[in-house]
Amino acid sequence: MTDRVQVAIVGAGPVGATAANLLGTYGVTTLIIDREPGIVDYPRAIGVDDETLRTFQTLGLADEILCSAIQNVPLKFFDAAGRCLADIRPTAQDFGWYKRNIFLQPEAEAVLRHGLRRFPHVRLMLGTELRQIRQDADGVTLSLSGDHEVRADYVIAADGGRSPVRGMLGIPLEGSTHPRKWVVIDCANDPLDAPYTALHCDPRRPYVCAHLPDDRRRWEFMLFPGEDADEMLAPNRVADLLRHHVADPSVVDVIRARVYTHHSRIAARFADGRIALAGDAAHLMPPWAGQGMNTGIRDVTNLCWKLAAIVRDQADHSLFDTYDHERRPHARAMIDLSTTLGRILSPTRRSLAHARNWLLRTASLAPAVKRWVLEMRFKPVPHHQRGFVVPEGPDKRLSGVGRMFVQPSVETTTGKHLRLDDVLGPWFAVIGFECDPLAELSDAELAAMRTFKPRIVKIIESRAGDRWRRQRCADPDTIVVEDVHNQLRPWFLARGRNVVLVRPDRYVAAMTTTDALGSAVTNLAGQFSVSGTDRRG
Ligand SMILES: Cc1cc2nc3c(=O)[nH]c(=O)nc-3n(C[C@H](O)[C@H](O)[C@H](O)COP(=O)(O)OP(=O)(O)OC[C@H]3O[C@@H](n4cnc5c(N)ncnc54)[C@H](O)[C@@H]3O)c2cc1C
């Protein structure tokens, strides 16, 4: 017998498990499989960023994941003499969370998998391997171990860096593999007092040293040509590597050690027919920016609401095509950033290391550069200039369209303080700043607006008195909240608009005014609605 689901996910790593939780939240029948019976526990991601935490917030799991994480951790670069070359400590929380947080990947994966139990329409099958995949105009057939067959409307391949699905589809993985290997060592009973992540640009042997939750520490050491990966994992060789960094390496409590090769690679396309690649299946990058998993979570945050809208017959298949347009350029930018950080960290020629140190010190004398580094402004932020957005005029610098909407704290009419997304809910939202966003819509425009089933929110300035609250809104279900820390006023003022349509992934689809909202939603509804003519993959 063939099982039927709306979406099947291959791979229950962090990316697949996040996708399954998102689809569960949107009410989509989902099957998620993994060939392993348990969670992979070798040393992997330790850095979780604000955008990922925002997705976990949508899932209702952010607080639980943060229970075993350290928030707001600085990142420092040191030279061989231990002098600080750059100190990155971005304390702003534009998206509602700190930008640099340190966690343990297996623990977060456990929370994500446990979260799936909340959804009767989501099934997790462990110890189940995908053997074959075929697609036709109406769907995808997956042949699984145990002679099990599943038919799905769409498939997310979150099956990791070696992605069997990517291989079966014949999608090339473009880019390069770095010649140097690195050994990663995780220890318990942290022997150092250094509560940050440190990239040591030491030409004698570049290394990374990071404080982790649960009193743990990670070291990553570059291996030189001729150093055999297996031999370097022997206890005496691990002790040799640690000798310069701890008083007595023989008492360091090594939990796990593993050798990795780094890649800067990206799939030639992120989608094929009805199958999407996500996470490491779509892109591989060195770990220096801590962005491999975060980039994968961005993929599925972008993808899952689109799939939900399509399989529920609210949107046309063409919405699926925007996934590749919107995600691939940004994933490439993240690979480039990670590769550049590796180039800063790893020179082993003293002259080159000297020049790098001089450049970093000189550049940091300029206040603008210092701020750029300190506030982590070098991290590429997605900006969808095409895809599911209504582009604004020629001056795109200030436009909020295609960018992630900010997330300040707001206060409800009952005095409760919430992060804005908890007011917006998991789907679309229309937000008016000091205005009723729907005030000027015609009946036809209101009908177009309903395509998105948005939550309507009116934000009023902090302590505005009763005037705004008393003003009646066109939709009686409009939620009124206060901009309690006065963060949204400057955001809207700078952009000269007072209404935004925010997508479920928190990106701004349209930025407008009450009188122009109608044409913006009519435009978007045209891109979104099921035409009835093209449901092909
Ligand atoms: C040393 C190191 C440090 C890192 N640090 C960071 C960091 O700080 N921040 C960060 O964001 N990222 C970091 N990363 C990267 C991060 O760990 C990965 O990007 C992340 O694990 C990718 O998640 P994924 O779900 O895409 O793939 P995976 O976690 O690899 O999961 C893929 C799953 O697919 C399953 N699978 C494969 N084939 C099949 C099949 N045929 N049938 C069924 N199941 C299948 C596998 O069993 C696996 O469970 C680091 C990586 C390393 C190695």
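On a predicted model such as this, the values are computed, not experimentally measured, just so you know. These numbers come from the heavy atoms of this one structure, side chains and all, not from hydrogens, waters or symmetry mates. In each ligand, atom 1 is the first atom listed, and ligand 1 is the first ligand listed.
- With a 4.0 Å heavy-atom cut-off, ligand 1 is reached by no atom of Ser163.
- In this structure, Asp299 and Val15 have side chains that are not in contact, with every pair of non-hydrogen atoms separated by 4.5 Å or more.
- At least one test fails for Arg327 against the ring of Phe270: distance under 6.0 Å to the centre or angle within 45° of the axis.
- In terms of polar-atom proximity, Pro287 is not counted as a contact of ligand 1, lacking any N or O under 3.5 Å from an N or O of the ligand.
- Closest protein heavy atom to atom 2 (C) of ligand 1: Arg44 CA, 3.8 Å.
- Between atom 23 (O) of ligand 1 and the options Gly11, Pro14, Gly279, Gly13, the minimum heavy-atom separation is to Pro14.
- Residue Arg35 holds the heavy atom nearest to atom 36 (N) of ligand 1 of all those in His262, Arg35, Arg298.
- His244 and Tyr207 have their aromatic ring centers separated by at least 6.0 angstrom.
- Closest to atom 26 (O) of ligand 1 by heavy atom, among Asp280, Leu284, Val259, is Asp280.
- Proximity of Arg218 to ligand 1, defined as any heavy-atom pair under 4.0 Å, is confined to the side chain (atoms from C-beta onward).
- A salt bridge (charged side-chain N to carboxylate O under 4.0 Å, His left out) with Arg54 holds for exactly one of Asp49, Asp421, Asp505; it is Asp421.
- Side-chain contact of Asp422 with Gln57: a donor-acceptor pair under 3.5 Å is present, judged by distance alone.
- The ring-ring contact (aromatic ring centres under 6.0 Å, His included) test with Trp182 singles out one residue from Phe221, Trp288, Trp219, and that residue is Trp288.
- Of the polar atoms of Tyr260, none of the N or O atoms is found under 3.5 Å from an N or O of ligand 1, judged by distance alone.
- Under a 4.0 angstrom heavy-atom cut-off, Gly296 registers as lying outside contact with ligand 1.
- At least one heavy atom of Thr128 sits less than 4.0 Å from an atom of ligand 1.
- Between the side chains of His121 and Thr29, no donor N or O sits under 3.5 Å from an acceptor N or O.
- Only the side chain of Gln105 comes within contact range of ligand 1, with a heavy atom under 4.0 Å; no backbone atom does.
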Chi angles and distances behind the side chain to side chain donor-acceptor pair (under 3.5 Å) call for Asn21, Thr18: CA-CA 5 Å; Asn21 274 283; Thr18 300; over 6 Å; no
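- In this structure, Asp50 does not pair ionically with Lys99, as no charged nitrogen and carboxylate oxygen lie closer than 4.0 Å.
- For atom 10 (C) of ligand 1, the nearest non-hydrogen atom from the set His283, Glu220, Met293 belongs to Met293.
- Under the 4.0 angstrom criterion for non-hydrogen atoms, Val40 is not in contact with ligand 1.
- We find that Glu149 and Arg151 are not joined by a salt bridge, their nearest charged nitrogen and carboxylate oxygen being 4.0 Å or further apart.
- Of all atoms in ligand 1, numbered sequentially from 1 with element shown, those under 4.0 Å from a heavy atom of Val15 are 23 (O), 24 (P), 25 (O), 26 (O).
- In this comparison of Leu130, Asp49, Asp34, the heavy atom closest to atom 40 (C) of ligand 1 sits on Leu130.
- Ligand 1 has a nitrogen or oxygen under 3.5 angstrom from a nitrogen or oxygen of Ile46.
- Using a 4.0 Å cut-off between heavy atoms, Ala45 contacts ligand 1 through both its backbone and its side chain.
- Selection from Ala19, Gly290, Ala158, Ala281 by nearest heavy atom to atom 32 (C) of ligand 1 gives Ala158.
- Using 4.0 Å as the threshold, Gln132 has no heavy atom nearer than that to any atom of ligand 1.
- Of the listed residues (Asp336, Thr340, Thr339), just one forms a side chain to side chain donor-acceptor pair (under 3.5 Å) with Ser264, and that residue is Thr339.
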